[in-house]
Amino acid sequence: MVPKRTLVIIAVVVVLAVLGTVLALTLGGGDNGSGDNKKGGSKATASSSATAGSGSKGNGSGGGTRTDNGRSSGSTTTGSDQENTGAGSAASASASANAASGSSGGAGAATTYKGSQGYSIGLPAGWKYQSSDAAGDRFTGPDGQKLLIGWTSSPPSDPVADWNNQERYMTRSQYKRISIAKVDFRGWNTADWQFTYVDGGTTYQVIDRGFRVNSHQGYGLMYTAKAADWDGDLRKNTWNTLTQTFQPKS
């Protein structure tokens with residue numbers, strides 16, 4: 001027979017053990033840890049690296065506006081990269097916190113987003129930052145619109161030649177080239193690559209604008225919208241707002 005004193009000691013030990021478990025769950029770092037990870041997760045350096053997704057390989061061709069990870073060039077990554085819209089890393093968390101909601105970003109802009117790389121851009125109503133990954137910062141807008149902003153510290157001197165080179169690696173479904181041409185854009189050396197592709201039975205049209213701000217700074221704005229809406233005012237006004245309000249790192 002177990003002495004009464006022993007039973008009392010056992011009971012006390014059990015109570016203390018249970019109490020310790022409750023305190024651990026209540027005060028422990030479980031929730032705090034996950035929360036902190038979300039807030040401080042890897043910075044959205046937007047390693048817009050660019051394996052220029054879409055087909056443009058992440059080779060040194062300068063394509064796919066990559067970031068400064070030794071990759072290439074001033075035009076934004078194209079192809080499959082654009083479709084990985086959900087593949088943002090936790091890095092996106094810190095970048096999204098930089099969105100200055102409520103502040104006007106210029107004509108047609110509802111908010112101004114400030115990227116971790118140093119650029120800023122006005123976002124029209126209904127647009128929001130989505131994620132960051134090796135290709136850059138990704139945004140989504142109404143009616144299936146998308147934007148990918150990438151950058152590089154080694155932009156190509158000839159963005160037209162760069163796009164033509166990258167086109168060789170294009171793998172998007174039912175890809176059709178519309179044009180690759182030099183365009184006037186705020187005095188920067190710029191080229192637009194326009195094309196269509198089909199995803200899930202829907203045809204999308206893309207403008208991939210690559211531009212060289214200076215010898216050590218280049219960007220790519222890759223804008224996607226449904227081809228059926230391409231000639232509509234929403235699409236035109238949105239593109240105008242995005243391009244007019246974009247400001248490179250100062």
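Owing to the predicted nature of the structure, the values given are computational and were not obtained by experimental measurement. Note that the numbering runs from 1 along the sequence shown for the chain.
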Colleague: Check the pair Tyr197, Met170 against side-chain contact (heavy atoms from CB on, under 4.5 Å), reporting the backbone distance first and the verdict last.
Modeller: CA-CA 10 Å; Tyr197 70 96; Met170 173 57 73; over 6 Å; no
Colleague: Is there a donor-acceptor contact under 3.5 Å from the side chain of Arg138 to the main chain of Asp133?
Modeller: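 The answer is no, because no donor-acceptor pair under 3.5 Å joins these two groups.
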Colleague: Less than 4.5 Å apart, any side-chain heavy atom of Ile121 and any of Tyr129?
Modeller: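 No, too far: nothing below the 4.5 Å cut-off.
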Colleague: What pairs with Lys182 under side chain to side chain contact (heavy atoms under 4.5 Å, CB included), at least two apart in sequence or on another chain?
Modeller: Val160, Asn189
Colleague: Please give me the minimum heavy-atom distance between Gly210 and Pro159, naming the atom from each residue.
Modeller: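 Heavy atoms only, the tightest pair is O-CB, 4.0 Å.
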Colleague: Applying side-chain contact (heavy atoms from CB on, under 4.5 Å), run through Lys226 and Tyr204 and close with a yes or a no.
Modeller: CA-CA 4 Å; Lys226 294 177 181 177; Tyr204 292 90; 3.8 Å; yes
Colleague: For a side-chain contact (heavy atoms from CB on, under 4.5 Å) check, start with the C-alpha distance between Gln117 and Asp137, then their side-chain angles and the critical distance, and finish with the verdict.
Modeller: CA-CA 10 Å; Gln117 185 269 349; Asp137 292 346; over 6 Å; no
Colleague: Could you check whether the rings of Trp193 and Trp163 sit parallel, tilted or perpendicular, using 30° and 60° as the cut-offs?
Modeller: tilted
Colleague: Grab the two heavy atoms, one from Trp230 and one from Gln194, that are nearest each other, plus how far apart they are.
Modeller: CZ2-OE1, 4.3 Å
Colleague: Can a donor-acceptor pair be found, under 3.5 Å and without considering hydrogens, that links the side chain of Trp239 to the backbone of Tyr223?
Modeller: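 Absent.
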Colleague: Treat each ILVMFWY residue as a node, draw an edge where side-chain heavy atoms are under 4.5 Å apart, and state whether Leu221 and Leu234 are in one component.
Modeller: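 No, separate clusters.
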Colleague: List for me each residue that meets salt bridge (Lys or Arg N to Asp or Glu O under 4.0 Å) alongside Asp229, sequence neighbours excluded, and say none if there are none.
Modeller: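 Once residues adjacent in sequence are excluded, Asp229 has no partner under the salt bridge (Lys or Arg N to Asp or Glu O under 4.0 Å) criterion.
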Colleague: With sequence neighbours excluded, tell me which residues meet side chain to side chain contact (heavy atoms under 4.5 Å, CB included) with Arg177.
Modeller: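 With neighbours one apart ignored, the set is Asn164, Glu167, Tyr175, Ile180.
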Colleague: Could you tell me which non-hydrogen atom of Ala109 sits nearest to which non-hydrogen atom of Thr241, and how far apart they are?
Modeller: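 Looking at all heavy atoms of both residues, the shortest contact is N-CG2, 3.8 Å.
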Colleague: For Trp188, what residues pass the ring pair (Phe, Tyr, Trp, His ring centres under 6.0 Å) criterion, not counting sequence neighbours?
Modeller: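 Result, ring pair (Phe, Tyr, Trp, His ring centres under 6.0 Å) vs Trp188: Phe185, Phe211.
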Colleague: Kindly indicate whether the side chain of Leu123, heavy atoms from C-beta on, has any atom under 4.5 Å from the side chain of Lys128.
Modeller: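 Contact flag for Leu123/Lys128 side chains = no.
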Colleague: Does a sphere of radius 6.0 Å around CG in Asn214 hold more than 12 heavy atoms from other residues, nucleotides or ligands, not counting ones at 6.0 Å or beyond?
Modeller: yes
Colleague: Mind checking the CZ-OG spacing from Phe139 to Ser131? Nearest 0.5 Å is all I need.
Modeller: 9.5 Å
Colleague: How close do Leu242 and Pro124 get, heavy atom to heavy atom, and via which atoms?
Modeller: CD2-CD, 4.0 Å
Colleague: According to salt bridge (charged side-chain N to carboxylate O under 4.0 Å, His left out), does anything in residues 235-248 pair up with another residue at least two apart or in another chain? List the pairs.
Modeller: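 Checked against salt bridge (charged side-chain N to carboxylate O under 4.0 Å, His left out) - neighbours excluded - no pair reaches residues 235-248.
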Colleague: Identify the heavy atoms of Arg186 and Phe246 that sit nearest to each other, and give their distance.
Modeller: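 The answer is NH2-O, 2.7 Å.
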Colleague: Mind checking what makes side chain to side chain contact (heavy atoms under 4.5 Å, CB included) contact with Thr203, not counting sequence neighbours?
Modeller: Thr196, Val198, Ala227
Colleague: Can you tell me how far the CG atom of Asp208 sits from the CG atom of Leu148, to the nearest 0.5 Å?
Modeller: 7.5 Å
Colleague: Please assess Thr190 against Arg209 for the test side-chain contact (heavy atoms from CB on, under 4.5 Å), listing each intermediate value before the final yes or no.
Modeller: CA-CA 7 Å; Thr190 305; Arg209 174 162 292 181; 3.6 Å; yes
Colleague: From Gln217 CD over to Thr152 OG1, what is the distance, rounded to the nearest 0.5 angstrom?
Modeller: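 Rounded to the nearest 0.5 Å, the CD-OG1 separation comes out at 10.0 Å.
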Colleague: Can you tell me how far the CZ atom of Phe195 sits from the CD atom of Gln205, to the nearest 0.5 Å?
Modeller: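 The CZ atom of Phe195 sits 9.5 Å away from the CD atom of Gln205.
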Colleague: Is a donor on one side and an acceptor on the other found under 3.5 Å between the side chain of Arg212 and the backbone of Pro155?
Modeller: yes
